Amino acid sequence: MQIEKEFAPRCGMRLIRLVEPRIFTCSRCTEAKKSKLFARPDVAPDRHLCNGCYGYLLSVFDIKKGSQSEDEKSSLLAAALLQAFSKAQKQESERLFRIAEKRAGYLDSKSVLFLSTANLVEDALAQKHELDWSPAVIGYCKAVENEIVKRLIDPLAGLVKGLLSRADLDDKDFGRVAKYCNSPSNKPPELGVFAHFLQTFASSTSRRATSGFLRAFDALAHNFPRRDWLVDRGGLSASLTKLCFEYRNRAAHVESLSSSDYLACREFVCGADGLIWKIVSATLGQKEYNRA
Ligand SMILES: [Zn+2]
């Protein structure tokens, strides 16, 4: 094999162009390829990555090193995760997930898509690149974010839509959540924004007395079976903060995540007593809660 050009190394990989096309198996997607182009990971120079996988891993890296907020970067990584697999692969993974997880029936369909596609990362890759774990971790975080929107934020919007005061809408700590609830747009608040809203709610008794928006959230939480867990400092708010700092923010930054980070995040979100099931249980109707 005659090398025509060896490109400058990027993210621990080197792209190589040969004079003649060659047949090889990509060690990431495991597909057989015929191409002049392939990439070599520096840590395993005997492996070949196809140009598609090389491009995907670079795009993940570019998002991670960008200057946007963690909230914005996690949306970009979530989109990359969903694009990385075919519709058929995602459907099959979703089917397996629904069969294995009867609890999935409690979740919104978008949450199931994020969880089952994140699981697909683990199954599909023969030789995982460290950049592969970030979109998967973001998938679990996005599933939690989506359940928060469906089970807490949208019902709250139903109570306060069009009714909030200027002071609530402009509040520096929860204005973003208040604005969405006052006039729901297609972009709901992200995980970090909602976690900060919960912390503000838990820590400020005086604002709970003066803000119509915080009073409405209090009233909503009262109707749920696990109000204490939803509003206490050590409850949902602590779990969301842990999810943001230990997993989501690291996945959004230029930092490598290992398979053990991924497995720990999966366990934290959808293990036997995972966060997403706690959110479901805490926000069931009273009758459904007693039956569950
Ligand atoms: Zn490939």
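When a ligand or atom number is given, it counts from 1 through the structure's own listing order. Not measured: the values here are computed from a predicted model. Numbers for residues simply follow the sequence, beginning at 1.
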Please determine whether a side-chain nitrogen of the Lys or Arg among [X] and [Y] lies less than 4.0 Å from a carboxylate oxygen of the Asp or Glu.
| X | Y | answer |
| --- | --- | --- |
| Asp46 | Arg40 | no |
| Glu255 | Lys64 | no |
| Glu147 | Lys150 | no |

| message | Testing the 3.5 Å rule here: is there a donor-acceptor pair between the side chains of Arg151 and Thr283? | response | yes

| query | Aromatic rings Phe217 and Phe201: how do their planes relate, parallel, tilted or perpendicular, breaks at 30° and 60°? | reply | perpendicular

| query | Judged by atom type as modelled, is there a donor-acceptor pair below 3.5 Å linking the side chain of Ser111 to the main-chain atoms of Leu107? | reply | no

| said: For a distance under 2.8 Å, give residue and atom name for each protein N, O or S atom next to the Zn ion (ligand 1). | reply: Cys26 SG, Cys29 SG, Cys50 SG, Cys53 SG

